[in-house]
Amino acid sequence: MTTLADWLARISAIRSGPEIEMGLERIRPIYERMKVAPACPVILVAGTNGKGSVCAYLDAILRAAGFRVGRYTSPHIHRFNERVVINGAEASDQALVAAFDAVEAARGDVALTFFEYTTLAAFHLFAAAKLDAWVVEVGLGGRLDATNILDADCAVITSIGVDHTEFLGETRELIAIEKAGILRRGRHAVIAEPDPPVTLTHSMNGHGAHGHYIGRDFGWHRIAEAPQQWGFWIRDPAAGGDGVAHRHGLPIPALRGSYQLGNAAAALAALHCLRDRLPVAQGAVKQGLLEVEWPGRFQVLPGRPVTVLDVGHNAHAAIALERALADMAYFPVTYAVFAMLRDKDIAAVIDAVKRRIDEWHIAPLPGPRGADLPLLLAALAENGIPDRQIHRHTDVTTAYAAARKLAAEADRIVVFGSFLTVAQVSGA
């Protein structure tokens, strides 16, 4: 194998079984043979939504503080290389090919899943780079996800919504148990979900982790006299006084949407938990908040009409999208460019955001998981969207072009529903 494309095609075809198969039995002996265990602090981030943003904040702030950081996230939008970032730079094709060679040499006759293969490749690159911190996003759930082969020094759970029910369970209570699988005895756990199911609290106690809950143990607040600033607080007996440590006068993050303050606060809580090993000065926090980048998460493109890209693909994410759209200025007409995967709750996503949409431009997504037009139309009809507000297209690129042609300069276009939807527009 000489190219990254060759390798990606091969590892996609290695397994004859399901694309997703949970469990650590296959990956553990290979991980041990590869000798890629981290020699630095590890922050593992799980959650239904927001985990990628938290990883982006952690990466940006730690690098601003002068630390060498590895960041592993998934899925990507345009290039596989986006998943593996070392000290702010995407891994090169050459480096990834060498990492896949190392996995291949260690796996023997074990047929790894695509995600297991790529996770081991990322860890191989991180171990070789001699980093100061690993920031790793959980792929699915937590307990049985390949990334949970790591013992996190600090685990973060950003949110708990209903998604991937075929793997994680049908309720928030069951899903919380799966996500709590990343917790470790005697180590820190940051819980940024404001309404944690009781099963998460029980799991926290069962795992013996030191829990820090948003709203109880840490949080954030706006500064009335300075609208472009906010403050962070966290309970810390060593802080003296009232036993609360503060960071005042923080700039509003570069990532748009009021919900991003919760994600930023989760990142700051994790950094506070690891402050003895990864000390971060106030200046680095400010710099990281201003410089952080995370495409496709309520990303507003330059120019007119205003175009918002959002990869949200479940009801929990759609609720956050609706709130962020509501916080924007007035727009005479909002056009949606909308496409989803068929195994998602399409009707619930539409229901969450429909009050902010005037016209719907819908299109199918390619591949067996892509929702076709009849499925999208049925979900729109279920939500009472009249046919006169719906425009049908053959693909997302055509749908976006049509929306741009109709939209006046003062209008707004919102592209959402899937990573694939955003990729087809942002790459156009």
Side-chain angles (χ1 to χ4, degrees), residues 1 4-39 42-47 51-52 55 70-76 80-84 91 95-129 134-153 155 157 163-169 174-175 177-185 203 207 343 367-369:
M1 293 293 157
L4 178 58
D6 289 339
W7 262 118
L8 295 177
R10 180 179 180 188
I11 61 178
S12 296
I14 284 175
R15 284 190 66 82
S16 58
E19 178 183 350
I20 298 174
E21 189 170 346
M22 310 294 284
L24 300 176
E25 298 83 5
R26 292 176 303 278
I27 194 174
R28 187 178 300 281
I30 304 169
Y31 170 80
E32 292 171 353
R33 283 199 293 271
M34 292 181 67
K35 301 186 186 308
V36 293
V42 173
I43 305 173
L44 198 56
V45 185
K51 54 186 182 288
C55 288
R71 187 187 76 203
Y72 178 54
T73 57
S74 63
H76 59 276
F80 179 86
N81 312 60
E82 298 166 17
R83 299 184 181 215
V84 184
L96 287 165
V97 166
F100 287 136
D101 284 339
V103 178
E104 183 71 2
R107 76 174 180 90
D109 59 358
V110 178
L112 298 171
T113 66
F114 183 91
F115 187 72
E116 289 168 338
Y117 217 119
T118 58
T119 297
L120 288 169
F123 293 173
H124 173 81
L125 292 176
F126 287 177
W134 291 18
V135 176
V136 177
E137 178 187 5
V138 172
L140 182 62
R143 181 174 65 94
L144 298 176
D145 188 79
T147 59
N148 198 35
I149 199 73
L150 301 175
D151 290 322
D153 295 276
I157 298 177
D163 198 10
H164 299 293
T165 55
E166 66 273 34
F167 300 103
L168 307 180
L174 291 173
I175 291 169
I177 294 171
E178 292 299 317
K179 296 191 185 303
I182 67 172
L183 308 182
R184 295 294 188 270
R185 182 168 299 278
S203 295
H207 285 284
D343 54 7
R369 292 181 64 201

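Atom set for the values below is all heavy atoms of this structure, side chains included, hydrogens, waters and symmetry mates excluded.
Of all non-hydrogen atoms in F123 and I149, the two that sit nearest each other are CE1-CG2, 3.8 Å. The heavy-atom pair separating A99 from A121 by the smallest distance is CB-O, 3.5 Å. Closest non-hydrogen pair, R83 versus S74, comes out as NH1-CB, 3.7 Å. Among all heavy-atom pairs drawn from G70 and F126, the shortest one is C-CZ, 3.5 Å. The shortest non-hydrogen separation linking A122 to V84 is CB-CG2, 3.8 Å. Scanning both residues, A106 and I30, for their nearest heavy atoms gives CB-CG2, 3.9 Å.
Interatomic distance, CD of E137 versus CG of D145, reported as 9.5 Å (0.5 Å rounding). In this structure, CG in L96 is found 6.0 Å from CG in L125, a value given to the nearest 0.5 Å. Atom CZ of residue F100 and atom CG of residue L120 lie 10.0 Å apart, to the nearest 0.5 angstrom. Atom CD of E116 and atom CZ of R28 lie 12.0 Å apart (nearest 0.5 Å). A distance of 9.5 Å separates CG in L44 from CG in L183, rounded to the nearest 0.5 Å. For the atom pair CD1 (I27) and CE (M34), the distance works out to 9.0 Å, reported to the nearest 0.5 Å.
Note on ring orientation: taking the six-membered ring where Trp is involved, the planes of H76 and F80 are perpendicular (angle over 60°, cut-offs 30° and 60°).
The closest side-chain heavy-atom distance from R184 to N148 is below 4.5 Å. Looking at heavy atoms from C-beta onward, L4 lies in side-chain contact with N81 at the 4.5 angstrom threshold. Between T113 and R26, some side-chain heavy-atom pair lies under the 4.5 Å cut-off. Taking 4.5 Å as the limit, every side-chain heavy atom of W134 sits out of range of all side-chain heavy atoms of Y72. Within the 4.5 Å cutoff, the side chain of I182 has no heavy atoms near those of the L150 side chain. Using a 4.5 Å heavy-atom threshold, the side chains of H124 and V103 count as separate.
Counted by atom type alone, T119 and Y31 present zero donor-acceptor pairs between their side chains at under 3.5 Å.
Comment: R107 engages E104 in a salt bridge, judged by a side-chain N to carboxylate O separation of less than 4.0 angstrom.
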